[in-house]
There are 2 protein chains.
Amino acid sequence: MSSSAKTHPQFTPGILSLLPTFYVGWSDSILSPGEIVFIQNLIKDLDFLTEEERTYLLTYTDPKNPPGPDVFRQWKRAITEHAQSLTKEDISSLEALGLQIATKGIGYNNQEYWKSPKTKAAIREIRKALGVQNRDAARILPGDLVQTNPETQIDYALAEDIQTHLDDKHADLINRLKKLLRDPYFSLKTIRNKEEYRQVVLNQLQTLADQGYTSYAFPKEYGGKDEVEKNLVIFETLAFQDLSLTVKYGVQLGLFGGAIMGLGTEKHHSQYINRLIDMDLLGCFAMTETNHGSNVRGLETTATYNHETESFIIQTPHEKAGKEYIGNALHCEMAVVFAQLIIDGASKGVHAFVVPVRNNEGQLMPGVRVEDCGYKMGLNGVDNGRLWFDNVSIPKDGLLDKYGTVDSTGNYVSSIQSDAKRFFTMLGALVMGRVCVGMAGVSCSKTALSIAIKYGDKRRQFGANDASPETIILDYPTHQEKLFPLLAKTYAYHFAFRKLFEDYAEDTSEEGRRKVETKAAGLKAMATWHATNTIQVSREACGGKGYLSENRFTDLKADSDIFTTFEGDNTVLLQLVAKGLLTEFKKSFHDSGFTAVMKYLGSKFAQRFSEYNFTYTRNTSITHLRDRAFHLEAFKYREKKLLYTVASRMQDFTKKRVDTYEAYLKCQLHLLELAKAYIERLALRNFASKINSMEEGRSKDLMNLMADLYAVHTILDNKGWYLENDYMDGSKTKALRRLKQKLYQEIRPQATTLVEAFGIPEELLNARIVLYN
Amino acid sequence: MSSSAKTHPQFTPGILSLLPTFYVGWSDSILSPGEIVFIQNLIKDLDFLTEEERTYLLTYTDPKNPPGPDVFRQWKRAITEHAQSLTKEDISSLEALGLQIATKGIGYNNQEYWKSPKTKAAIREIRKALGVQNRDAARILPGDLVQTNPETQIDYALAEDIQTHLDDKHADLINRLKKLLRDPYFSLKTIRNKEEYRQVVLNQLQTLADQGYTSYAFPKEYGGKDEVEKNLVIFETLAFQDLSLTVKYGVQLGLFGGAIMGLGTEKHHSQYINRLIDMDLLGCFAMTETNHGSNVRGLETTATYNHETESFIIQTPHEKAGKEYIGNALHCEMAVVFAQLIIDGASKGVHAFVVPVRNNEGQLMPGVRVEDCGYKMGLNGVDNGRLWFDNVSIPKDGLLDKYGTVDSTGNYVSSIQSDAKRFFTMLGALVMGRVCVGMAGVSCSKTALSIAIKYGDKRRQFGANDASPETIILDYPTHQEKLFPLLAKTYAYHFAFRKLFEDYAEDTSEEGRRKVETKAAGLKAMATWHATNTIQVSREACGGKGYLSENRFTDLKADSDIFTTFEGDNTVLLQLVAKGLLTEFKKSFHDSGFTAVMKYLGSKFAQRFSEYNFTYTRNTSITHLRDRAFHLEAFKYREKKLLYTVASRMQDFTKKRVDTYEAYLKCQLHLLELAKAYIERLALRNFASKINSMEEGRSKDLMNLMADLYAVHTILDNKGWYLENDYMDGSKTKALRRLKQKLYQEIRPQATTLVEAFGIPEELLNARIVLYN
């Protein structure tokens with residue numbers, strides 16, 4: 001039964017202040033019983049309401065008794081009437097609208113009272129509890145009452161459509177998880193004390209486990225959901241919120257759980273996976289040592305096999321061979337420890353072992369020493385620590401023995417003969433971490449750009465003269481030049497990672513996995529550098545406001561800073577990529593014919609250049625410059641020529657009998673360029689094919705615009721190279737520069753829609769400058 | 001009387017552990033009585049000493065009773081003998097050496113005890129208290145005992161010589177201030193709570209005042225020292241330490257004190273300057289408003305003159321016209337408030353007023369509202385707040401009336417007729433802030449590079465193969481490419497700012513001041529972006545270690561981040577620079593002949609290009625490529641051509657009757673390029689002339705190497721432009737790239753010496769990775 005409007009209420013200020021929020025809320029929300037009690041308590045606490053007003057409002061907090069059509073009509077009429085003479089400027093939230101209509105015609109003194117930030121905050125709390133977002137208001141409220149600035153006119157329908165392409169098949173999961181993260185329980189707050197912060201994060205992770213979000217990556221037989229791709233999407237979505245929680249999640253499930261799953265065998269899986277999914281078993285991933293970070297093969301911790309007792313002795317040989325930066329070190333019960341497996345005095349290379357760190361009362365096991373890493377630049381909700389092991393004995397089963405084991409006679413056996421190959425196969429089982437961190441970088445870029453572009457679209461500063469209104473800063477070419485290329489690249493990387501997610505989940509063959517590894521290494525490097533840069537530029541684009549912690553950049557910047565060097569240092573990763581490309585390149589010919597092939601390729605490049613020289617290099621028509629085929633060809637030419645020339649150089653060094661390592665060092669900067677060029681092409685090619693699969697329409701047009709800018713900007717970033725190699729002449733690069741500015745103008749009116757499409761709820765953006773007036 | 005070596009002590013472990021420190025300490029130090037008591041207490045607290053050892057060591061803590069030559073000889077012999085069989089690797093501190101010789105031949109269990117970080121820390125405390133730096137050890141200790149890695153071999157003599165060129169005529173002041181900042185009282189620590197942190201900073205600033213460091217910028221008649229240049233050097237030096245203290249110093253002395261000095265008249269000077277130097281009067285500088293940051297002319301706060309009471313009413317017209325980010329807001333007694341001066345309903349433009357904020361009991365004055373800005377990304381030791389004024393009345397004398405006043409009949413009078421000119425003259429009085437912040441950026445860059453290069457010189461990772469030692473990471477070309485160009489640029493900017501200090505102090509004419517303003521704006525922008533970038537790259541170069549707060553980057557990065565947008569947003573400042581250049585350019589011709597001149601210049605550029613085309617653009621000889629004249633010519637060509645072309649474009653727009661503002665927006669990116677090119681040339685030209693003034697020798701050679709890299713790197717950064725404009729061809733840019741790598745190799749062995757030359761004491765570096773083994 002719905003209550004009708006029998007009472008004919010007087011719309012007094014208290015009611016009016018909440019009416020827009022209620023109107024939009026009732027149009028849209030379904031509330032749980034717990035939420036209702038919460039909202040009712042909030043309303044009871046509002047000291048600006050009269051008793052009558054409170055009673056009236058409470059009537060409409062019960063989902064079993066929703067307002068009927070009459071009431072709705074009354075509300076709508078009241079809002080419209082009272083809002084009639086408002087100056088609409090600056091009404092960008094429901095609470096602002098409510099307060100404006102409530103305080104019209106009230107004396108100055110009372111206005112002061114109504115206008116206190118506390119009053120607005122109280123109403124905002126109710127709006128949030130109702131699950132109402134201001135973006136909903138534009139859709140539901142009559143006559144454009146909220147978001148009335150033409151500049152801040154987001155095209156919500158278009159944004160939603162683009163978002164369906166971004167979220168893709170994972171929309172349901174993403175929406176569910178976002179709804180959970182928007183709950184006040186997960187609200188982002190600055191907790192300055194690390195111990196307190198760590199406890200909050202630990203509890204939140206437990207909640208994620210309780211809600212079933214920790215099980216996706218694992219097989220059903222051990223309590224998992226066997227949906228690896230979904231697990232990656234969860235990480236991507238968590239990264240919109242607190243990165244401490246995101247990283248803690250990654251340590252427990254991806255690193256610790258992933259190591260047990262990927263490097264262990266059935267006996268380990270059945271014993272641990274169920275428990276770690278439930279957070280009943282907390283674990284850490286003790287790989288990195290103080291003296292060995294990137295060079296994992298050089299780890300110095302030993303696990304020496306004792307034939308008599310059939311056990312391993314885990315030993316840290318010296319202080320700087322201790323494990324460092326280990327997440328979960330202060331909370332965990334167990335560690336996966338990477339150590340040199342020693343049998344009869346000989347090392348069989350690095351292997352992983354499960355080592356108890358604490359008993360179930362939380363006391364350290366004998367021989368284990370743990371030290372807090374202390375405060376870090378960010379991620380202070382994660383308990384990173386150092387670990388040392390002194391003569392710690394573990395049973396034989398402690399070896400995670402998928403790729404190598406000790407048989408009953410005490411001999412080492414492995415299905416992979418080469419130590420090096422075994423090592424890299426083991427590392428390969430852990431590629432997921434790089435995929436996750438890279439995509440988290442993309443999520444952070446989205447957050448930063450959402451804040452900077454939304455703020456830039458309402459902030460005004462300077463003007464043509466004192467009389468004219470000040471210019472909206474996003475209209476300045478300098479501001480566009482800062483933000484729009486980053487926006488385009490963020491789109492490109494989003495789709496590149498989503499493709500990588502698919503490849504990772506679909507092709508689990510050795511060949512497929514190796515390809516994913518190369519791409520993951522390169523994309524991780526490029527996307528995390530992109531994130532660091534985007535966050536920095538976005539902060540600066542918000543000026544002093546960006547420096548206040550209330551506007552999110554403080555945490556976003558500090559927390560994500562480590563992305564560029566953990567899970568593989570970016571510079572090291574790009575060298576992996578380049579080496580992979582070189583190997584593939586050489587493999588594609590018979591070794592005997594390599595010199596001949598190089599010669600052939602050399603002449604081909606020379607010939608191609610002369611062909612280009614008269615038409616292509618000087619073609620400055622807009623159609624050509626916006627032709628995706630031209631972009632792809634230019635990206636490809638650069639990558640292939642860098643590959644060919646570095647292969648030639650390496651070959652020359654070999655001929656001159658230069659030591660291979662020396663030759664490699666001489667080519668190191670060249671190799672880095674190659675790796676970057678490869679990833680840039682990968683991202684463009686993938687973006688292009690994603691767009692090809694879209695239906696014609698405005699979303700596709702906008703994605704094409706993003707791809708155009710990504711391509712043109714990247715070419716211009718490398719214009720020195722293109723000119724040096726006579727691939728283009730100066731007239732063409734100048735034409736591209738003009739085109740880029742033209743693209744900025746096309747993007748400008750759609751910029752806020754393009755960030756709205758990222759679909760980051762305002763609770764997760766958590767930046768006062770875009771939340772409030 | 002000096003004590004002789006009658007006692008023939010047994011050099012037991014406890015004595016040995018401190019012997020190297022004592023030996024170097026006694027060779028060098030002079031201690032104050034207070035310091036001695038402090039050291040004695042430290043020694044009494046050392047629980048690893050026996051009673052006899054303690055007594056022996058205490059004997060040598062009294063400067064009135066120094067060890068005689070015999071004792072010295074004994075000590076030296078003991079150290080040398082015990083150190084004989086040490087593996088010298090990793091001994092990079094006196095405490096490490098002491099512990100190594102102390103623990104030789106002691107059983108494993110005891111070693112563990114000796115090797116605890118606490119023991120080492122205790123000895124380090126004593127070393128610090130003795131005023132001994134590890135760098136002194138290499139000079140004083142026999143036989144290379146400390147710093148024995150060839151890679152970490154800093155050439156201290158050379159570093160010291162270079163430092164004399166950097167510190168220049170200010171060496172005494174810098175050394176004195178550094179000595180003070182090295183005192184444990186100023187030691188850098190992470191204080192997470194802002195209230196606590198602010199109190200510490202306030203106290204430290206009081207100490208600086210007590211020691212006379214706050215008076216340099218002010219005339220002697222008001223208690224100052226009248227040494228403006230020295231004041232800038234103090235700021236530069238403070239920026240090696242805690243930036244919160246640096247900024248707080250800047251707010252009190254530079255902004256608040258500077259405004260009263262620069263905008264006020266005798267009545268203000270005599271009333272306030274003495275008190276603010278002594279910190280008896282704390283003040284803030286209330287210029288920026290929420291809605292008006294960069295566009296100061298648009299400030300909305302009003303100061304309305306009341307003829308009857310001969311007073312001003314200060315009023316904040318609405319919430320967002322409140323003052324924001326105001327440093328010292330929570331501590332200050334008085335504010336310099338910038339407001340529109342209104343007389344008889346008409347605005348006379350922005351003027352500054354002294355407004356009491358709190359009474360001398362710390363209570364807010366009626367009508368003044370203050371709000372804490374809360375936590376910020378960094379600088380949490382500075383109390384930034386928001387201020388609103390409601391009907392606050394101040395006497396007529398509250399107007400800082402150097403450039404405009406209200407006469408006895410209530411009329412506005414000013415020596416400067418044009419409102420705009422008056423406004424910019426007033427702002428000009430405050431240029432010092434930009435000079436300071438820019439140079440602080442240089443200091444931060446020095447700190448970051450000192451840490452990253454010293455760490456990179458001892459950190460090893462990967463190697464040619466498993467058998468060979470791992471490579472020192474600073475030997476990787478990728479690592480050199482990251483750090484060395486930043487090092488070169490830091491040197492260039494150091495000298496550029498020091499020249500600016502001189503110009504600022506020497507030429508106080510209007511013409512001179514305007515030139516300094518343009519340079520200060522541009523250098524501030526370039527140097528602070530450089531700092532942000534350098535700190536980021538340096539952090540990444542230290543990997544995970546760089547992310548730990550114990551290694552300084554946490555604070556360095558967060559605190560300095562605001563530099564790019566405060567005291568003038570960098571993008572806005574560069575536009576100021578470009579406008580200044582355009583104005584000068586136009587002024588240098590008679591207006592009537594402007595079109596003709598442009599035509600003439602156009603043909604001149606074209607002609608020059610064709611002259612270059614056959615010899616210059618293809619010259620790839622090393623002599624030419626390292627010729628400073630070539631560098632200067634290339635920098636100059638770029639700047640002048642950018643200037644000419646943007647002037648042409650603007651003129652074209654004018655001809656087509658495009659609105660000036662519109663035309664300006666269309667050229668905005670071009671103008672930014674011009675401003676950057678100008679500053680780059682300014683820095684190179686200045687660096688070159690500084691080097692010319694140096695005597696021949698190794699310091700000069702190294703500075704030339706730095707200038708070569710700065711020049712070559714900058715040209716390569718802009719190689720797209722040079723190629724596009726046919727100023728060079730591809731063979732030449734490729735040759736420059738090869739030269740750059742050659743320069744890296746020349747710099748490599750001197751890299752640590754080049755950062756040592758910055759002369760940052762290890763207490764101020766405050767990074768565990770370079771302090772400790």
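Labels below follow one simple rule: chain letters A, B, ... track the order of the sequence lines, proteins then strands, and each chain is numbered from 1. Computed over heavy atoms, backbone and side chain alike; hydrogens, waters and symmetry mates excluded. Given the structure is predicted, the values throughout are model-derived calculations rather than measurements.
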- Query: Sequence neighbours excluded, which residues qualify as side-chain contact (heavy atoms from CB on, under 4.5 Å) partners of B:Leu576?
  - Reply: B:Arg434, B:Leu573
- Item | B:Lys719/A:Glu724 ion pair, N-O < 4.0 Å | yes
- Message: Here's a test for you: under side-chain hydrogen bond (donor to acceptor under 3.5 Å, both in side chains), which of A:His479, A:Lys482, A:Glu481 qualifies with B:Thr571?
- Response: A:Lys482
- Query: Just checking, is any N or O donor in the side chain of B:Asp569 or A:Gln461 under 3.5 Å from an acceptor N or O on the other one?
  - Reply: no
- Query: Side chain, backbone, both or neither: which part of A:Gln575 has an atom under 4.5 Å from a heavy atom of chain B?
  - Reply: side chain
- Message: Quick check on B:Glu540 against chain A: is it the side chain, the backbone, both or neither that has a heavy atom closer than 4.5 Å?
- Response: both
- Run the salt-bridge test on A:Glu470 and B:Arg297 with the 4.0 Å N-O cut-off and return the result as yes or no. no
- With a 4.5 angstrom heavy-atom cut-off, could you sort out which part of A:Thr288 is near chain B: side chain, backbone, both or neither? neither
- Item | Contacting region of A:Phe566 [heavy-atom separation from chain B under 4.5 Å] | neither
- Could you check if a side-chain atom of B:Val572 sits within less than 4.5 angstrom of a side-chain atom of A:Phe462, using non-hydrogen atoms only? yes
- Message: Counting C-beta onward and ignoring hydrogens, is there a side-chain heavy-atom pair between A:Gln536 and B:Asp561 closer than 4.5 Å?
- Response: yes
- Item | Toward chain B, the part of A:Ala558 with a non-hydrogen atom under 4.5 Å | backbone
- Query: Considering residues at least two apart in sequence or located in another chain, which fulfil the ring-ring contact (aromatic ring centres under 6.0 Å, His included) criterion with B:Tyr722?
  - Reply: B:Tyr727
- Message: Counting only non-hydrogen atoms closer than 4.5 Å, does B:Leu716 touch chain A with its backbone (N, CA, C, O), its side chain (CB onward), both, or neither?
- Response: neither
- Taking it one step at a time, do B:Glu550 and A:Arg386 satisfy salt bridge (Lys or Arg N to Asp or Glu O under 4.0 Å)? CA-CA 14 Å; B:Glu550 65 182 32; A:Arg386 304 182 178 100; 3.4 Å; yes
